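Remember, it's a predicted structure, so these values are computed and weren't measured experimentally.
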Amino acid sequence: MQKQLVCVTGLPRAGSTLLCQLLAHHPDIYCDGHSSPLLPLLNGFRQQVTGNDFMMSQMDVDYETTYQRIHNMYVGLMDGWFAHAPEPILVDKNRGWLNQYDLVQNLKADTRMLVCVRNLEQIWGSIENRHQKSLLLDFPDQLAGLSVYDRADRLFGPSGVVGEPLKAIEALQDFHPDTQKQIYFVMFEDLVSDPTRVMADIFAWLGLSAHSINMQQLTTRAHESDSYYKFKYLHKTHESINAPSTHSVPTRIKKSIREGYSWFYRNFYPAALNKD
């Protein structure tokens, strides 16, 4: 049976854990809900292959055959990762897929991508709110000792936990139109306010039959090892969906985010640009 890979990715605190929880309810989808090490394994394998002088020397003899063998090994690693799953749709969750979509397309050309987005100000608010509840613990990238404004600058900087995936999302817009058809943006606000409609649309986009989900009796699973993220980015699941609280955002930070990522607001949240 031909299986299809679906990468769940996007911005932090934008609903990827909830989305995976809901995807797992469909009988034709395999989704364990956790952030997956598959992509880091693939990237690590690439470094091993490239750094192996004996392997590289094989290309001097027959580049095409050796490169095809390497390609086969990559595909075999991906197929082996999901070999236990009988479902036709295989979901792999990792924010890194945003930057590596060319890699996954090279290996699995029919791969689709679900990209989770959220109002950027509320992403900042969610992260900062969680930080205030774990103030005595540092971030993985050591942000706790910074001022709230410097912390926001780092989070949204080019290599920040929010800024880096934002750059990748912006780059997706330059992909060929046929490739863009394989990308589906999931807005967090829609997912929590009208999950039945959003999931029905996603199932249809994936070519699956309709499947009803009781949003008040969701299946929960053990959450991820949040200690890896220093308890700053929790991944808990709940039996029902409740809209999160609206976070208060300082005017200076709100202005900086909107001005720095005006393209994002124009594409996804144009109405927010007209609000105070």
Between Ser134 and Lys232, a side-chain donor and acceptor under 3.5 Å: yes

Spatial distance of atom CD1 (Ile213) from atom OG1 (Thr219) [nearest 0.5 Å]: 9.5 Å

Donor on one side chain, acceptor on other, Asn94 and Ser35, under 3.5 Å: no

Leu18-Leu234 co-clustered via ILVMFWY side chain contacts under 4.5 Å: no

Lys/Arg-Asp/Glu bridge criterion (N-O < 4.0 Å) met for Lys3, Glu87: no

From CD (Glu164) to CG (Leu98), nearest 0.5 Å: 9.5 Å

Side chains of Arg252 and Ser256, donor plus acceptor under 3.5 Å: no

Point-to-point distance, once rounded to the nearest 0.5 Å, from OG of Ser16 to CG of Leu114: 11.0 Å

Side chain to side chain, Leu218 and Thr237, heavy atoms closer than 4.5 Å: no

Donor + acceptor pair across side chains of Asn72, Gln68 (<3.5 Å): yes

Other residues, nucleotides, ligands: >12 heavy atoms within 6.0 Å of Lys108 NZ: yes

More than 12 heavy atoms from other groups under 6.0 Å of NZ on Lys255: no

Connected via hydrophobic side-chain network under 4.5 Å: Val6 and Val198: yes

Residue of the set His235, His34, Lys93 for which side-chain hydrogen bond (donor to acceptor under 3.5 Å, both in side chains) holds with Thr17: Lys93

Heavy-atom neighbours of Arg69 CZ exceed 12 at 6.0 Å: no

Minimum-distance pair of heavy atoms, taken over all atoms of Tyr265 and Asn119: OH-OD1, 3.2 Å

Backbone N/O of Gly160 and side chain of Arg154: donor-acceptor pair under 3.5 Å: no

Where Trp205 and Met113 come nearest, the two heavy atoms and their spacing: CH2-O, 3.7 Å

Single-linkage hydrophobic cluster Ile123~Leu172, side-chain heavy atoms < 4.5 angstrom: yes

Whether Ser193 side chain and Glu189 backbone form a donor-acceptor pair below 3.5 Å: yes

Any donor-acceptor N or O pair under 3.5 Å, side chains Glu170, Tyr261: no

Rounded distance (nearest 0.5 Å) linking atom CE of Met199 with atom CG of Leu208: 10.0 Å

Step-by-step side chain to side chain contact (heavy atoms under 4.5 Å, CB included) determination, Trp81 to Leu5: CA-CA 11 Å; Trp81 184 259; Leu5 178 64; over 6 Å; no

Residues that Asp62 engages under side chain to side chain donor-acceptor pair (under 3.5 Å), provided they are two or more places apart: Thr65

Ile127 backbone acceptor or donor facing Gln132 side chain under 3.5 Å: no

Parallel, tilted or perpendicular: rings of His211 and His26 (30°, 60°): tilted

Any donor-acceptor pair under 3.5 Å from Gln122 side chain to His247 backbone: yes

Whether Phe45 and Tyr74 hold their rings parallel, tilted or perpendicular, with breakpoints at 30° and 60°: perpendicular

Flag side-chain contact, heavy atom, 4.5 Å: Val186 against Val115: no

Closest non-hydrogen atom pair between Leu146 and Arg151, with its separation: O-NH1, 2.9 Å

Any donor-acceptor N/O pair, Arg197 side chain to Asp190 backbone, under 3.5 Å: no

Worked check of side chain to side chain contact (heavy atoms under 4.5 Å, CB included) between Leu143 and Asp150: CA-CA 9 Å; Leu143 304 180; Asp150 288 340; over 6 Å; no

Candidate pair Arg266 and Ser262, rule side-chain hydrogen bond (donor to acceptor under 3.5 Å, both in side chains), full reasoning: CA-CA 6 Å; Arg266 287 195 300 271; Ser262 57; 3.1 Å; yes

Under 3.5 Å: donor-acceptor pair, side chain of His71, backbone of Leu107: no

N/O donor-acceptor pair under 3.5 Å between Ser240 side chain and Gln216 backbone: no

Arg13 side-chain N/O to Arg118 backbone N/O, donor-acceptor pair under 3.5 Å: no

Distance-minimising heavy-atom pair for Ser209 and Phe203: O-CB, 4.2 Å

Main-chain N/O of Arg46 paired to Thr50 side chain as donor or acceptor, under 3.5 Å: yes

Single-linkage hydrophobic cluster Val161~Trp124, side-chain heavy atoms < 4.5 angstrom: yes

Side-chain heavy atoms of Asp138 within contact of Lys230, under 4.5 Å: no

Pairwise side-chain contact, Lys133 with Phe231, heavy-atom cut-off 4.5 Å (strictly under): no

Shortest non-hydrogen contact between Leu11 and Arg95, atoms and distance: C-CD, 4.0 Å

Sidechain-backbone polar pair: Gln58 side chain, Asp53 backbone, donor-acceptor under 3.5 Å: no

Tyr233 vs Ser126 side-chain heavy atoms within contact, under 4.5 Å: no

Co-membership, hydrophobic cluster, residues Val104 and Ile70, 4.5 Å side-chain: yes

Aromatic plane relationship, His84 with Tyr30 - under 30° parallel, 30 to 60° tilted, over 60° perpendicular: perpendicular

Gln217, CD: over 12 other non-hydrogen atoms inside 6.0 angstrom: no

Parallel, tilted or perpendicular: rings of His131 and Phe139 (30°, 60°): tilted

Exercise: identify the closest heavy-atom pair between Leu103 and Asn43: CD2-OD1, 4.1 Å

Phe185 CZ to Cys116 SG distance, which is reported to the nearest 0.5 Å: 10.5 Å

Side-chain heavy-atom pair Ile202, Leu19 within 4.5 angstrom cut-off: yes

Side chain to side chain contact (heavy atoms under 4.5 Å, CB included) assessment of Asp92 paired with Val8: CA-CA 6 Å; Asp92 193 84; Val8 171; over 6 Å; no

Side chains of Leu22 and Met215 in contact at under 4.5 Å (non-hydrogen atoms): yes

Atom pair CG/CZ of Leu120 and Arg258 - distance to nearest 0.5 Å: 10.0 Å

Mutual orientation of the aromatic rings belonging to Phe264 and Phe268 [parallel < 30°, tilted 30-60°, perpendicular > 60°]: tilted

Phe156 vs Leu166, side chain to side chain contact (heavy atoms under 4.5 Å, CB included): CA-CA, chis, key distance, verdict: CA-CA 8 Å; Phe156 284 84; Leu166 274 171; 4.1 Å; yes

Beyond-backbone contact of Thr111 with Trp97, side-chain heavy atoms, under 4.5 angstrom: no

